[in-house]
Amino acid sequence: MPLSLMEGNEAIAWGAVNAGCRFYAGYPITPATTIFNTMLKLLPPMGGICIQGEDEIASIGSCLGASMAGLKVMTATSGPGLSLYSEHISFAIGSEIPIVIVVVQRLGPSTGSATRGADGDIQFMRWGSSGGLPVIVLAPVDINDCFSLTMHAFNLAEEFRCPVFIASNKEIAMTKESIDMDAIPRPELKERAAPPPGKPFLPFEIGSDRMAPCFLPIGDEVLVRQTSSTHGPDGYITTDFDQIGKNQERLRKKIVSAVDSFSFCEAYMEDDADTLVITYGVTARAAKEAFMDQKGEGKPVSLLVLKTIWPVPEDLIKKKAKSFKHVVVVEMNLGQYVREIQRILPDKKIHFFGQMNGKLITPHQIKEAIANV
Amino acid sequence: MSNLLNKSRPLVFCPGCSHERIARILDKSFQNMGLNGNQIAMVSDIGCSGLFDTFFNTHAMHGLHGRALTYATGLKLARPELNVVVTMGDGGMGIGGAHILSACRRNLDLTLLVLNNFNFGMTGGQFSATTPPDAQVGSGFLNRIERPLDVCEVACSAGATYVTRCSAYRKDLEEEIERAIRHEGFSVLDIWGVCTGRYSKRNKLTPQVIDETLAKLPPREGIVENNDRDEYGRYYREVSESQKPTPPPAKIEKKFDPPESGRQEVIILGDAGQRIITAGDILCFAGLTAGLNVTQKNEYNITVLRGPSISELILSPEDIGFNGIDRPAAIVAIGQEGVDRRANLFEHLDKDALIILAKGVEVPPGNAKVHLIDFKKQGIKTHDRALASLSVLAKLNKVINPEMLQSALEARFKEPVLTSALGLVDRVDIA
Ligand code: SF4
């Protein structure tokens with residue numbers, strides 16, 4: 001198996017084009033810029049479009065337009081740009097516009113440190129838009145995940161008609177790694193569902209067998225309406241409380257109820273352990289080393305690496321954590337996802353180790369956290 | 001041609017509002033052009049003008065305040081054959097200023113109708129970017145101490161190829177809108193009108209006053225000669241067609257066995273301009289030629305031509321999990337700024353770790369072996385020292401060997417760089 005050398009960001013771009021992405025718009029920002037650079041090399045020669053927006057708002061806005069015209073779209077940024085994406089994330093949620101949003105996290109708050117890693121935007125991705133409805137967030141651990149989770153992200157965006165985030169980190173994004181792209185399993189590609197023939201098309205009508213509306217692009221034969229306003233099935237503004245309430249609930253449920261079908265994770269379970277380490281993102285690499293060390297030293301622990309972060313894969317976590325007394329949550333921030341673990345495992349002792357100084361959490365630090373249990 | 005006004009959604013503007021008039025005229029323009037609803041996308045902004053999309057049987061997209069041009073840009077690039085018409089008030093024009101500038105500069109074939117009625121109608125008549133200083137509006141004295149913006153002047157200086165300032169009551173507005181839509185490029189119509197619900201309650205603004213005011217301003221009518229140029233979408237597609245497809249990254253076959261077993265960590269410490277990152281790349285390629293997994297992390301200042309430059313490499317037959325470096329097998333120390341940035345690394349080094357040290361660079365004391373090289377005496381310039389150091393590693397069979405290095409250079413470089421790199425590597429004297 002011959003190997004290639006590339007950055008996590010490049011692997012995301014290659015994953016995107018392999019998933020059928022044909023429109024990219026972004027604004028330069030460290031550490032996400034090399035996604036833009038790579039898309040600019042890849043897309044135009046294959047008939048796709050890659051543009052540099054005048055700002056982040058315009059970048060994601062033009063993605064939403066192109067997505068409504070039927071293209072698979074992606075944009076990428078880091079914390080300061082994610083702040084500017086907010087209004088359009090809520091548009092994509094409420095109006096069910098498929099889009100993949102890569103957030104290459106860097107140390108915040110605010111402009112923070114452009115070239116230092118962190119996982120400080122994990123709750124921000126979930127809650128940083130008006131209305132508070134759920135989104136899908138996938139977190140890669142290494143370069144292989146950058147490629148394959150990006151492909152999954154496009155499938156999920158198409159299937160559920162929603163924004164899907166890739167929660168990357170400078171430490172994955174700008175690190176070059178050996179990769180065998182041909183050996184990475186690729187999911188079968190999904191496309192947004194076309195409406196059944198023979199009925200007048202209503203842009204937000206929900207068939208009885210569906211959770212997300214069928215899609216026709218703006219620009220084809222049949223007229224399509226899209227609106228950020230609270231709308232009925234016809235895409236016109238509605239004031240009907242009952243209709244509004246039902247639709248909001250559907251928007252929540254279509255994402256939350258489906259999570260078992262996309263709960264990506266790696267689990268390393270040890271029979272004799274009473275402690276489960278839960279982590280995600282680049283920190284999982286240190287956790288795996290700590291896991292091996294603990295095992296070698298005859299003090300085994302189990303390890304659960306979450307790659308689907310939002311919606312919280314609650315069933316998965318409950319199942320994996322069932323036999324453990326202690327759970328140690330490790331993350332590259334001062335305590336964000338641990339709140340979710342506390343919420344869904346109220347009968348376990350939850351311990352936390354976090355660090356937010358621009359440095360990777362080391363296997364040694366994780367072993368110390370385990371020893372302190 | 002049939003009327004594209006939506007029969008089930010009658011116009012709902014206040015009596016006397018110019019928006020109503022413009023909606024009907026726009027419909028006439030569409031009819032005159034013989035367009036079907038599915039050949040048009042109406043993109044509307046926020047405010048009373050944001051209702052426009054609902055009144056037409058066309059494709060429609062309505063989003064956030066000031067952002068209509070951003071959606072229109074994505075739509076038009078994806079569907080060049082669509083007629084994309086954007087309606088926006090003076091409010092949307094103000095808040096979306098950056099998007100207007102950019103649309104003017106790009107010259108994508110969009111038509112922007114600014115329905116300029118000098119205030120925020122929907123939210124209660126606050127002042128906008130076009131409210132005159134002497135107007136009585138819902139923002140108290142604030143409009144008196146700011147200066148209104150002339151969107152036509154701005155559009156012209158930003159490069160719009162078609163700009164017209166006119167009254168909503170202009171006789172041939174129907175034809176003028178058609179000309180703007182037909183224009184291949186970005187066109188802006190600054191259409192002055194009356195907001196009877198808010199503005200004209202406290203300010204004297206009638207069609208006649210609009211005409212009188214317009215007459216005092218320099219005319220803006222149609223094509224802007226100085227800005228004439230290619231339409232962005234067409235140009236984009238033309239340039240794209242001539243771009244060569246990007247091949248997938250090079251695949252490197254395993255050809256050699258590495259000189260050492262197990263995980264090997266290397267740190268290259270240098271200064272900006274010493275081609276540290278390139279050397280790191282080459283070391284990774286050398287690892288790939290021995291079938292090893294590799295990772296490379298780089299550190300440099302944002303001002304790329306100054307400060308330290310550092311590359312951290314791991315080569316390993318196993319999967320590389322944690323990629324922080326704690327026990328480097330080798331350190332290449334060829335620049336003082338890089339060494340200083342990682343000064344605390346040295347005291348913890350193993351005693352079988354090797355430091356390739358360029359003469360003239362100072363490293364803190366520690367247990368590691370030091371291999372001192374006088375690059376200057378060998379005539380090796382500062383920007384060649386990183387690659388020369390890899391040659392030293394290879395010749396010492398530390399981490400890599402000469403075959404791996406040669407093969408890496410062949411994979412990484414084309415002629416004539418390859419020959420000179422191979423020459424350099426060959427002539428480095430490790431004594
Ligand atoms: S408030 Fe003004 S702009 Fe809005 S409909 Fe009434 S007159 Fe027209």
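Here the structure is a predicted model, which is why all the values come from computation and not from measurement. Letters A, B, ... are given to chains in the order of the sequence lines, protein chains preceding strands, and every chain is numbered from 1. No hydrogens, no waters, no symmetry mates; every other heavy atom, side chains included, goes into these values.
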Best-contacting candidate, [options], against chain B by heavy atom pairs under 4.5 angstrom:
{"options": "A:Arg116, A:Glu7, A:Arg22", "answer": "A:Arg116"}
{"options": "A:Gly219, A:Pro44, A:Gly70", "answer": "A:Gly219"}
{"options": "A:Ile57, A:Thr175, A:Ile218", "answer": "A:Ile218"}
{"options": "A:Thr227, A:Ile237, A:Ile143", "answer": "A:Thr227"}

- Message: Donor-acceptor check, side chain of B:Ser240 to backbone of A:Pro45, threshold 3.5 angstrom: yes or no?
- Response: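 No, B:Ser240 side chain to A:Pro45 backbone: no donor-acceptor pair under 3.5 Å.
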Kindly say whether B:Phe322 contributes a backbone atom to a donor-acceptor pair with the side chain of A:Arg285 at under 3.5 angstrom?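 No: the side chain of A:Arg285 does not pair with the backbone of B:Phe322.
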Examine whether an atom of [X] lies under 4.5 Å from a heavy atom of chain B, and if so say whether it belongs to the side chain, the backbone or both; otherwise answer neither.
{"X": "A:Glu87", "answer": "both"}
{"X": "A:Met6", "answer": "side chain"}
{"X": "A:Lys41", "answer": "both"}
{"X": "A:Pro203", "answer": "neither"}
{"X": "A:Asn144", "answer": "neither"}
{"X": "A:Met181", "answer": "side chain"}
{"X": "A:Ile49", "answer": "both"}
{"X": "A:Val141", "answer": "neither"}
{"X": "A:Ile361", "answer": "backbone"}
{"X": "A:Asp55", "answer": "side chain"}

(request) Give the intermediate values and the outcome of side chain to side chain contact (heavy atoms under 4.5 Å, CB included) for residues A:Asp182 and B:Lys251. (result) CA-CA 10 Å; A:Asp182 301 333; B:Lys251 291 185 180 135; 2.8 Å; yes
To the nearest 0.5 Å, what is the distance between [atom1] ([X]) and [atom2] ([Y])?
{"X": "B:Ser311", "Y": "A:Lys176", "atom1": "OG", "atom2": "NZ", "result": "8.5 Å"}
{"X": "A:Ile51", "Y": "B:Tyr236", "atom1": "CD1", "atom2": "OH", "result": "7.5 Å"}
{"X": "B:Asn323", "Y": "A:Leu360", "atom1": "CG", "atom2": "CG", "result": "6.0 Å"}
{"X": "A:Glu177", "Y": "B:Cys284", "atom1": "CD", "atom2": "SG", "result": "10.0 Å"}
{"X": "B:Ile252", "Y": "A:Asp180", "atom1": "CD1", "atom2": "CG", "result": "12.5 Å"}

TODO: Would you please test B:Arg79 and A:Asp220 for side chain to side chain contact (heavy atoms under 4.5 Å, CB included) and show each step?
DONE: CA-CA 9 Å; B:Arg79 297 268 171 173; A:Asp220 267 2; 2.6 Å; yes
Which pair of heavy atoms, one from [X] and one from [Y], lies closest together, and at what distance?
{"X": "B:Ala250", "Y": "A:Ser4", "value": "O-OG, 2.9 Å"}
{"X": "B:Asn293", "Y": "A:Ser178", "value": "CA-OG, 3.2 Å"}
{"X": "B:Thr246", "Y": "A:Trp14", "value": "O-CH2, 3.8 Å"}
{"X": "A:Pro217", "Y": "B:His59", "value": "O-CE1, 4.1 Å"}
{"X": "A:Ala58", "Y": "B:Thr70", "value": "CA-CG2, 3.5 Å"}

[X] vs [Y] side-chain heavy atoms within contact, under 4.5 Å:
{"X": "A:Leu64", "Y": "B:Met61", "result": "yes"}
{"X": "B:His62", "Y": "A:Ser229", "result": "yes"}
{"X": "A:Leu3", "Y": "B:Leu288", "result": "yes"}

Before you tell me yes or no, could you show the steps for B:Lys297 and A:Glu171 under side chain to side chain contact (heavy atoms under 4.5 Å, CB included), namely the whole-Å CA-CA distance, both residues' side-chain angles and the distance that decides it to 0.1 Å? CA-CA 8 Å; B:Lys297 285 210 287 183; A:Glu171 290 287 352; 2.8 Å; yes
I'd like to know which of [options] tops the heavy-atom pair count under 4.5 Å against chain A.
{"options": "B:Leu313, B:Asp319, B:Thr295", "value": "B:Thr295"}
{"options": "B:Leu64, B:Leu82, B:Thr73", "value": "B:Leu64"}
{"options": "B:Arg237, B:Arg106, B:Lys244", "value": "B:Arg106"}
{"options": "B:Lys76, B:Lys254, B:Arg67, B:Arg105", "value": "B:Arg67"}
{"options": "B:Ala68, B:Gly291, B:Pro248, B:Ala72", "value": "B:Pro248"}
{"options": "B:Gln296, B:Gln243, B:Glu299", "value": "B:Gln296"}

Exercise. Are B:His99 and A:Glu54 linked by a side-chain donor-acceptor pair shorter than 3.5 Å?
Worked result: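 Per modelled atom types, B:His99 and A:Glu54 side chains form a pair under 3.5 Å.
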task = Compute whether any side-chain donor of one residue and acceptor of the other, for B:Asn6 and A:Tyr236, lie under 3.5 angstrom apart.
result =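 Yes, a side-chain donor-acceptor pair sits under 3.5 Å.
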Check: Quick one: what part of B:Leu292 sits under 4.5 Å from any heavy atom of chain A, side chain, backbone, both or neither?
Finding: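 Looking at B:Leu292, just its backbone touches chain A.
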B:Thr54, part contacting chain A, at a heavy-atom distance under 4.5 Å: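 The answer is both parts of B:Thr54.
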(message) Between A:His88 and B:Tyr71, is the ring centroid distance below 6.0 Å?
(response)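 Yes, close enough.
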